Amino acid sequence: MRLYDILVLLTPDLSEEEAAKVTADYRKLLTDGGAEIGRDEPWGRRRLAFPIERRREAYYHLFQVRALPPLVAEVERRLRLSEQVLRHLAVRADEELKRSAKMAERIRIKAAKRPPRPPAIPASPEPAEVAAPATEGGEA
Amino acid sequence: MTAMPSRGGRGEKGGRDGKPARKKFFVRRRKVCKFCAEKLEYVDWKDIKLLQSFIPERGKILPRRISGACALHQRKLQTAIKRARSVALLPYATD
């Protein structure tokens, strides 16, 4: 099982309910295929940074799922075929996370290895000497 | 004598002709990689706010020489921006 981010852009020609229905279809497809859904976020109708097929807006929906590669391939195939989907992006998210976890670990170990500070110089007899006059007070 | 190293052309007018050039030692703030400083390892392509800070007006990717990002993070930033572009979260170009 691998972790994937799948972002789907639906045409703005659909109504809110229709868009919700379409995303529900994909959700069903994912869960039926044995995927665990981590995040399931409708971003709503957003303005596109540039027009796609003459549309200036789209419904965005993000899934973050833990699934097997063949399932994601199948979902992607359907996303490509669907006319309601303007565009989609499915990328692995676990590799990056794993690497960053590793990196964090390495930094921690390095920090732990580095001695916090050279331990204090073996106490010289001076402190004892200093302590004595301090009790006397006005010696200056 | 022709191959005199002259780095950072600006702000060193009176540098080379004998005078004790004071201007030579202008302070240049050391740039630090934003991601290293904040200990962010993972550059998320969905975080448009963050990515937008590395996109100047024209829509191009801010070069390392200006942003100060380290090689590793610039590379990650680059892929993140390109991914965001592919789904129209960020523009390819604007004018």
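Here the structure is a predicted model, which means the values were calculated and not measured. Order of the sequence lines sets the chain letters (A, B, ...), proteins ahead of strands, with each chain counted from 1.
To the nearest 0.5 angstrom, A:Q64 atom CD is 5.5 Å from B:K46 atom NZ. Summarising the geometry, atom CH2 belonging to B:W45 is positioned 4.5 Å from atom CG belonging to A:L7; distances are rounded to the nearest 0.5 Å. Going from atom CZ of A:R47 over to atom CG of B:L89 covers 13.5 Å, rounded to the nearest 0.5 Å. For the atom pair A:L48 CG and B:L90 CG, the distance stands at 12.0 Å (nearest 0.5 Å).
No donor-acceptor pair closer than 3.5 Å links the side chain of B:Y92 to the backbone N or O of A:F50.
A:A49 and B:P91 make their closest contact through CB-N, 3.4 Å (heavy atoms, listed as atom of the first residue, atom of the second, distance).
Residues A:L10 and A:F63 share a hydrophobic cluster, clusters being chains of Ile/Leu/Val/Met/Phe/Trp/Tyr side chains in contact below 4.5 Å. Hydrophobic clustering, with ILVMFWY side chains joined whenever heavy atoms are under 4.5 angstrom apart, groups B:I81 together with B:F35. Tracing side-chain contacts under 4.5 Å through hydrophobic residues (I, L, V, M, F, W, Y), one never reaches B:V32 starting from B:L62; they form parts of separate clusters. Hydrophobic cluster membership differs between A:L68 and A:I6, with clusters built from Ile, Leu, Val, Met, Phe, Trp and Tyr side chains linked at under 4.5 angstrom. Cluster membership for A:L30 and A:V8, using ILVMFWY side-chain heavy atoms within less than 4.5 angstrom, is shared.
Summarising the local packing, CZ of A:R80 is surrounded by more than 12 heavy atoms from other residues, nucleotides or ligands at distances under 6.0 Å. At most 12 heavy atoms of other shown residues, nucleotides or ligands fall within 6.0 angstrom of atom CD in A:E83.
Contact annotation for A:L9: only side-chain heavy atoms (C-beta onward) come within less than 4.5 Å of a heavy atom of chain B. No part of A:L86 comes within reach of chain B, as not one of its non-hydrogen atoms sits under 4.5 angstrom from that chain. Looking at B:R85, the atoms closer than 4.5 Å to chain A (heavy atoms on both sides) all sit in the backbone: N, CA, C or O.
In terms of heavy-atom pairs under 4.5 Å with chain A, the best-connected choice from B:A93, B:S86, B:G59, B:A88 is B:A88. Contacts with chain B were tallied for A:I52, A:V91, A:L62; A:V91 has the most, counting heavy-atom pairs under 4.5 Å.
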